[in-house]
Amino acid sequence: MHTDRLRPVLLPVAAVAVAVAIGAAIVLAAGASPVAAATAIWVAAFSGTDAIAATLEKATPLLFAGLAVIVGVRAGLFNIGAQGQLLVGAITSAYAGYRLAGLPPAVHLPLCLAIGILSGALPALLAGVLRATRGVHEVIVTIMLNTILVNLTDWLAGGPWMEQGQPVSRTPAIAGSARMARVAGLPVGFLLAVAMAFVVWFVLDRTTFGFRLATVGANRNAAHYAGISVAGATVAAMTLSGALAGLGGAVESLGIVGRFEPGFNAGLGFDGITIALLARVSPRAVIPAAVLIGALRASSTQLQARARLAPEIVDVVLAIALLLVAAPLILRWLLRLRPGSCRTEVQLTRGWGA
Amino acid sequence: MKRSWTGRPVPPNGLVAGSLLAAAFVAYGIWGFRATAVLGFAVRSSTPLALAAMCGILCERTGVINIGIEGQMLLGAFAGFFGAAAFGVVAGVAAAVVLGALVGAFLALCAVTWRVDQIIAGAVINIAAAGFTSFLYRPGRVIGSLPTWRIPLLGDLPLLGPVLFRAQPLTYLTFVVVIGLQVALFRTPWGRRTTAVGEHPGAADTVGIDVARYRYGNVVAGGALAGLAGALLSVEITGSFDRGMTAGRGFLALAIVIMGRWRPALAWAAALFFGVLSGLVNQLNFDRVFDVPPQFVAMLPYATTIVVLAIFSTRVRPPAAAGRPYP
Amino acid sequence: MSGRREGDAGAPLLEARGLTKRFGSVVANEDVSLQLRRGEVLGLLGENGAGKSTLVKMLFGLHRPDSGEIRVGGEVVRLRSPRDAIGMGIGMVHQHFQLVPVMTVAENVVLGAEPTRHRFVDRRRAAAEVQELSERFGLAVDPDAVVEDLPIGAQQRVEIIKALYRGAEILILDEPSAVLTPEETDELLRVVAELAAGGVGIVFITHKLREVMDAADRVVVLRDGRVVGEVAPGDTDEAGLAALMVGRSVVLRIDKQPARPGGTVLEIRGLEVDDDRGRRAVQGFDLEVRAGEIVGVAGVQGNGQRELAEAICGMRPRSGGCVLLREHDVTRLGARAIHDLGVAHIPEDRNKHGLVGSYSVADDLVLNRFDEPGFARWGRRERAAVRRWAEQLIIEFDVRTPGVEAPADSLSGGNQQKLIVARELSRESVLVVAAQPTRGVDVGSIEFIHRQLVAARDRGAAVLVISAELEELLAVSDRIAVMRSGCVAAMFDAGSVTSEAIGLVMGGAAGH
Amino acid sequence: MYTKKATFGTVALAGLLALSLGATACGSGGSASAKPVEAPIAMKGFSGDCASKDVFCVGLVTDVGKVDDKSFNQSAWQGAARAAVAAGGHAEYIETVDPKDYAKNIQSFLDRKADVVVTVGFAIGDATATAAKANPAVHFIGVDAFQATTIPNLTGLVFNEDKAGFMAGALAGLLTKTNVVAAVLGTDKVPPVVAFGKGWENGAKFTNPKVKVLTTYHPGGLDVAFNDPTWGAQTAKQALDNTADVIFGAGGKTGNGALLEVARQQGAYCVGVDSDQWETVPGARGCLVTSAEKDIEDGVATLIGQIRDGSVKGGNSFGEVGLAPFHDFEEKVPAAVKTKIEGIVRDIGSGKIPTGVN
């Protein structure tokens with residue numbers, strides 16, 4: 001607590017700890033045992049290879065969505081539409097996965113991933129272009145696009161791309177040549193997500209491109225002074241953000257679900273916001289944050305089985321943690337911390353217009 | 001040229017409203033009860049959206065972005081239903097309003113006092129509302145329903161009677177709120193000060209307007225309206241509570257605020273426009289005119305919003321200080 | 001303290017006694033006293049940084065004095081906020097207008113004190129009151145016009161009416177002419193006279209000599225936070241006022257060799273530039289800067305200097321005329337392209353444009369060079385190289401920082417400025433554009449920055465220094481252009497001109 | 001830069017959470033928020049004793065949603081709980097939050113040695129079949145999951161929704177005075193809903209050739225189509241404004257909203273779906289003449305009984321469909337209509353009258 005080095009560590013840890021404590025109190029108030037709940041989460045999330053794999057599978061799309069949100073925030077943009085972009089990525093990659101069956105795996109799988117990436121990038125590109133050229137706020141456009149894309153994918157999965165000969169609204173199964181397997185018990189999708197976290201970290205923190213985005217995000221006027229195109233950076237950041245979300249969707253389809261089925265990817269994009277904030281907009285920190293939330297999400301079975309606890313408790317705890325991370329003031333007040341010199345607030349918006 | 005109070009030349013509102021009304025009666029003349037049915041659906045489905053949009057207008061006009069409307073509505077629906085189950089419908093509605101206002105106070109606390117990013121604060125409200133209402137929900141309760149009031153004389157009018165004047169109390173209350181807000185925002189000292197706080201808090205401050213107090217007051221009042229919108233869903237329209245029953249109306253309200261250009265009456269018109277669209281689709285399905293995949297219909301309002309924003313973005317101008325803490 | 005005239009019947013409308021205000025170790029005002037009587041126009045004259053703003057902020061309740069007292073109508077008052085000041089009958093027209101752009105004139109005027117009828121704003125009465133005030137004082141405005149559609153001068157009149165509507169008997173006008181065209185300024189001066197005739201006491205802050213000569217009944221001159229003189233315009237002339245205002249306080253002479261100008265580097269012909277509001281800020285501007293010379297641009301703020309600098313450096317679109325850099329037309333190039341042609345730019349507003357506060361010192365030192373070879377390779381930033389470069393620069397340019405990884409906004413203003421100077425002057429440049437290079441910088445750093453500018457000149461660069469500080473221009477420049485109303489009003493040889501002569505041209509008393 | 005520290009921070013955060021959760025000793029499960037819907041059935045949860053031959057344990061995995069959904073999850077759970085208690089055993093449920101957890105939820109019952117696993121909904125069908133193949137000793141019941149191939153230890157409890165819809169439609173055709181009836185439906189992406197709707201239409205036309213049938217589906221994604229009572233209510237009102245006087249609400253909460261709206265209006269009938277909604281939606285009693293029932297509760301209970309006595313077979317078991325009792329409307333429905341409907345119900349059941357739905 002004495003040094004500024006420790007402070008950024010302290011904040012999220014304290015936020016989660018306080019949130020968990022409040023969660024435990026709620027569990028207690030609901031007449032269940034916090035100990036049993038804790039045990040359930042531990043067992044569900046980390047006991048044994050399968051449990052860990054399940055946790056990581058839950059964490060995978062969250063990681064991608066979190067990265068998508070981060071890329072936007074770095075450039076001063078709030079991509080609340082990761083959900084919709086993820087869905088499009090999921091369905092188009094699934095379509096390519098069953099439609100192009102017969103291709104060799106070395107071609108098929110990368111092709112499906114690429115299609116997912118592109119189709120996720122497309123709606124985000126629209127939002128970016130509208131922002132850069134027309135000044136339309138990306139939050140509004142991406143909220144609108146979320147609903148549009150949910151409906152579009154539902155229609156595709158129950159209409160033109162529906163699996164024939166069975167009643168369920170879903171695409172046919174993806175061919176084996178486009179499936180992602182597990183390697184040494186670890187889901188390949190997760191490994192890819194971790195790799196992407198490092199790639200995103202590298203791009204944002206180590207490249208001139210990342211420097212451009214960050215400068216636009218931190219100070220548009222200075223970016224203008226330094227000759228960086230604000231419009232270009234806006235479009236690029238949104239597109240990259242959408243591409244990551246689309247890749248997340250593709251990995252869901254190709255690696256976990258095995259097809260596209262409406263409802264299977266619900267809420268992932270919104271969890272991405274939570275994760276990006278928990279990770280305080282740092283690409284590598286998204287990995288532990290996603291694993292943490294993945295663990296909580298993976299524990300819904302055991303929470304019910306062992307603690308007879310309604311799974312919504314996870315959302316309650318997450319909401320509290322998010323609030324505490326977003327408003328360090330509350331936490332400081334709760335924990336009687338001294339105000340620090342380093343920046344602690346996370347800022348996503350500068351209003352609707354500018 | 002007629003000019004609005006804001007000084008810009010405007011098409012005379014009476015003429016616009018009059019021609020729309022005339023169009024409605026022409027439709028009624030041609031299609032009879034079908035026109036009544038569609039317009040009735042439009043009005044009924046517009047009321048919760050309009051109330052939620054009023055929340056958005058109040059908050060944003062005063063400089064606070066509220067994306068937590070969905071959560072406030074959900075909590076309002078929850079409190080309304082369980083309040084009604086325990087103490088009767090009036091208490092239920094009151095509970096919804098109070099809970100909505102409390103959540104509004106929380107948002108104001110975040111936005112004004114703690115200076116938390118307002119989008120995050122709204123997201124927290126949404127996540128927490130979904131989590132808490134689902135966690136706390138217990139089935140098996142039944143509530144009484146609100147009466148339908150037929151306004152004497154007006155209720156007997158053709159078309160307008162069934163569409164507007166044979167409704168339930170909260171619907172009438174919505175009419176009053178929308179019209180009242182429209183008048184209050186543009187005609188009363190409170191309204192002009194609210195606008196000033198949202199556009200240029202510094203200017204308001206230098207003439208002695210307490211910016212923080214106005215923001216608190218309006219965000220709390222907005223929360224109360226969002227809570228009322230929730231009660232409208234649970235207590236008045238359905239007489240039930242179900243998890244996630246707001247079904248995205250709080251987000252649609254955000255779009256309506258923008259399409260309504262932060263004006264209550266125009267926002268209501270936008271909500272009615274969405275209502276007419278989906279009522280029309282029901283009617284076309286009823287009458288087997290053609291089979292539109294319902295998913296495409298669901299996209300329509302959202303796609304329209306994007307197009308409108310893309311075309312009119314220079315004219316659709318949000319309150320200048322929305323989203324920014326002051327000082 | 002000179003010339004306080006005691007003995008008039010009745011207490012002064014407004015009186016300041018011994019006001020002192022410090023910000024940290026900087027004394028902004030020291031023992032300032034002044035009086036304002038009913039129907040009087042008090043000119044408050046001083047250079048930038050002389051302490052005028054601090055003084056009026058205290059008078060309007062925006063700052064609280066460390067010591068001294070303020071009296072209104074003879075009574076000691078405590079002004080905790082603008083509200084208190086308004087309540088005391090003090091009105092202020094800020095340099096940045098406090099008007100709601102989307103509301104009408106009448107709405108803005110009555111905001112916060114609306115006339116009502118049955119709880120509604122009585123729009124007719126509001127408009128009538130505006131009309132009445134507007135006619136009484138000759139302040140032509142349309143009560144129903146939307147403020148954002150009005151020209152600046154009209155907006156200023158709205159601000160004045162707003163203050164009068166609130167019953168202001170004391171009106172503080174903070175640099176009211178800074179944003180006005182000459183015609184608008186004439187109109188303003190007429191209004192001020194009319195207001196005074198109507199019994200309002202007016203504090204008129206400016207550094208334009210002509211305005212105080214024309215409008216003021218009395219002039220208080222501030223320098224370095226103190227009152228250095230109080231005169232009636234009839235008892236002096238512009239030269240006298242200029243001498244008082246500029247004084248002989250700090251003479252920032254640095255040793256430098258005479259310039260040995262080479263070929264023309266920058267040639268500006270008939271340049272036209274608009275400001276943010278779309279108003280023509282620079283018009284018909286002609287200037288030549290040659291290699292190995294420093295040309296200073298003097299002028300009262302708001303005469304197009306900011307726009308000139310931004311236009312030369314490619315940050316602002318040019319509406320007409322042309323800019324030639326070593327005979328290449330660069331009129332249409334953007335900021336980065338011009339930078340790459342060897343133009344260094346020290347921007348006027350360092351926090352807005354000059355650096356990214358959250359970035360490390362090292363990153364800010366390469367803000368506009370981050371992708372140059374040496375700092376990046378194949379799109380990857382060479383962070384170690386950047387750090388080494390930064391470590392070298394902070395020594396070379398004496399940037400006091402805990403380290404190159406410290407965030408730039410943890411540095412003092414002077415060190416932030418040195419950081420920008422280091423970035424811009426560490427590179428071989430053909431042209432250096434330095435806008436207000438020492439604003440808000442401590443004396444030691446000022447001298448250092450001046451030396452660096454001269455060193456750049458001696459390396460053969462053409463240097464254009466734009467500054468509101470006459471002393472600075474006299475210290476570093478070889479030639480001085482005086483900018484007024486968007487064009488060059490006069491050109492002097494820096495070696496043979498006095499600050500008084502320049503001040504006269506700046507104030508509009510001479511030149512062409 | 002804060003990046004590096006934040007990484008450390010979040011690693012530490014995850015560790016701390018793991019520590020705080022994992023280091024504590026295992027405690028016993030408390031009694032909990034998730035209570036069974038039927039009061040008399042105590043939730044014991046099944047601890048270690050399920051492994052024993054003498055203790056009969058039934059586990060139920062819901063479709064995405066809650067066990068108190070007044071719909072198929074709830075009916076299935078009530079059947080499972082009833083049968084388990086009747087057998088002197090235990091029943092427990094797990095609510096599915098994420099459809100990707102279907103297999104895991106099933107597995108959690110297998111891990112605890114359940115004797116019977118009931119899964120609800122067709123979406124969970126694949127996961128159920130996989131689990132059944134891997135665990136031949138456990139019997140599975142797949143509610144609403146049609147079995148195209150027979151797995152010996154998996155019985156699909158399926159229903160001819162078109163028949164139930166036809167019966168209800170036939171009643172509506174007889175009851176309507178305006179010759180207009182309506183169906184307010186969930187989404188056309190879920191086959192049983194479509195079957196109910198088509199059956200309703202054909203049934204109404206069967207008894208009343210002059211009838212006009214108004215049908216509409218919710219215009220939204222699957223995530224809201226069954227969960228938008230507001231739309232259901234307002235659409236029902238629109239149907240009433242179209243002079244419909246018998247309205248069929250079929251689509252989860254969306255359909256319930258339609259029933260509740262009709263109950264508030266005078267002089268119209270409403271028809272529920274799935275279970276007897278007289279019980280599940282008490283607010284609709286004012287108009288609820290009957291419900292197009294698929295008796296999931298009895299079907300599940302019966303199948304569990306068959307598993308107990310060993311008479312169960314793999315493949316598909318067709319559950320009972322029919323009309324729920326008239327309740328308050330016993331008096332109001334004319335005797336002639338009752339007679340006619342009884343005949344139609346019988347003939348539909350025997351297949352003498354085809355529903356006309358593939």
Side-chain angles (χ1 to χ4, degrees), chain A residues 3-5 7-8 70 73-76 132 135 198-233 236-237 240 280-283 339-348 350-354, chain C residues 276 309-310 313-317 333-341 343-360 362-373 375-384 386 402 405-410 420 423-424 433 435:
Chain A
T3 68
D4 279 352
R5 266 194 88 73
R7 200 170 287 278
I70 283 176
V73 170
R74 277 294 176 91
F198 280 93
V199 168
V200 168
W201 162 77
F202 180 80
V203 168
L204 290 182
D205 284 12
R206 291 286 182 267
T207 67
T208 55
F209 174 75
F211 193 83
R212 279 174 224 273
L213 295 194
T215 307
V216 168
N219 184 343
R220 273 161 195 264
N221 294 310
H224 180 54
Y225 163 82
I228 297 166
S229 159
V230 174
L240 187 56
R280 299 173 52 68
V281 205
S282 156
S341 63
C342 76
R343 230 172 293 277
T344 45
E345 284 77 16
V346 180
Q347 209 201 352
L348 296 179
R350 291 176 188 77
W352 280 146
Chain C
D276 293 333
E310 291 184 0
C313 297
M315 289 174 64
R316 187 177 283 277
L333 295 187
R336 192 55 199 267
I338 288 180
H339 169 90
D340 289 345
L341 287 173
V343 176
H345 178 201
I346 298 168
E348 175 177 332
D349 186 336
R350 64 172 161 267
N351 291 312
K352 189 176 173 193
H353 291 115
L355 43 79
V356 178
S358 56
Y359 276 5
S360 68
D363 281 345
D364 269 321
L365 278 170
V366 294
L367 185 63
N368 49 12
R369 308 176 60 183
F370 62 92
D371 53 357
E372 286 177 6
F375 299 129
R377 198 155 48 152
W378 295 319
R380 179 177 185 271
R381 300 189 61 218
E382 303 267 3
R383 298 182 357 132
V386 169
E405 293 299 323
D409 57 9
S410 66
I420 295 170
R423 179 181 70 217
E424 297 304 317
V433 178

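Note: hydrogens, waters and symmetry copies are ignored here, and every other heavy atom, side chains too, is used. Below, chain A is the first sequence line, B the second, and so on; all start at residue 1.
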Top contributor to chain A contacts, counting heavy-atom pairs under 4.5 Å, from C:Gly354, C:Ser410, C:Pro347: C:Pro347

Residues C:His353, C:Ile420; criterion side chain to side chain contact (heavy atoms under 4.5 Å, CB included); working and verdict: CA-CA 10 Å; C:His353 291 115; C:Ile420 295 170; over 6 Å; no

Which atoms of C:Leu355 approach chain A - backbone, side chain, both or neither, heavy atom under 4.5 Å: backbone

Option in C:Arg369, C:Lys352, C:Arg336 with maximal non-hydrogen atom pairs under 4.5 Å from chain A: C:Lys352

Contacting region of C:His339 [heavy-atom separation from chain A under 4.5 Å]: neither

Minimum side-chain heavy-atom gap A:Tyr225-C:Glu310 below 4.5 Å: no

Heavy-atom pair count under 4.5 Å with chain C, highest-scoring of A:Ala226, A:Ala214, A:Gly227: A:Ala226

Salt bridge C:Asp371-A:Arg212, side-chain N to carboxylate O under 4.0 Å: yes

SB check C:Asp364 C:Arg350 (cutoff 4.0 Å): no

Which atoms of C:Asp340 approach chain A - backbone, side chain, both or neither, heavy atom under 4.5 Å: neither

Side chain to side chain, C:Val366 and C:Glu372, heavy atoms closer than 4.5 Å: no

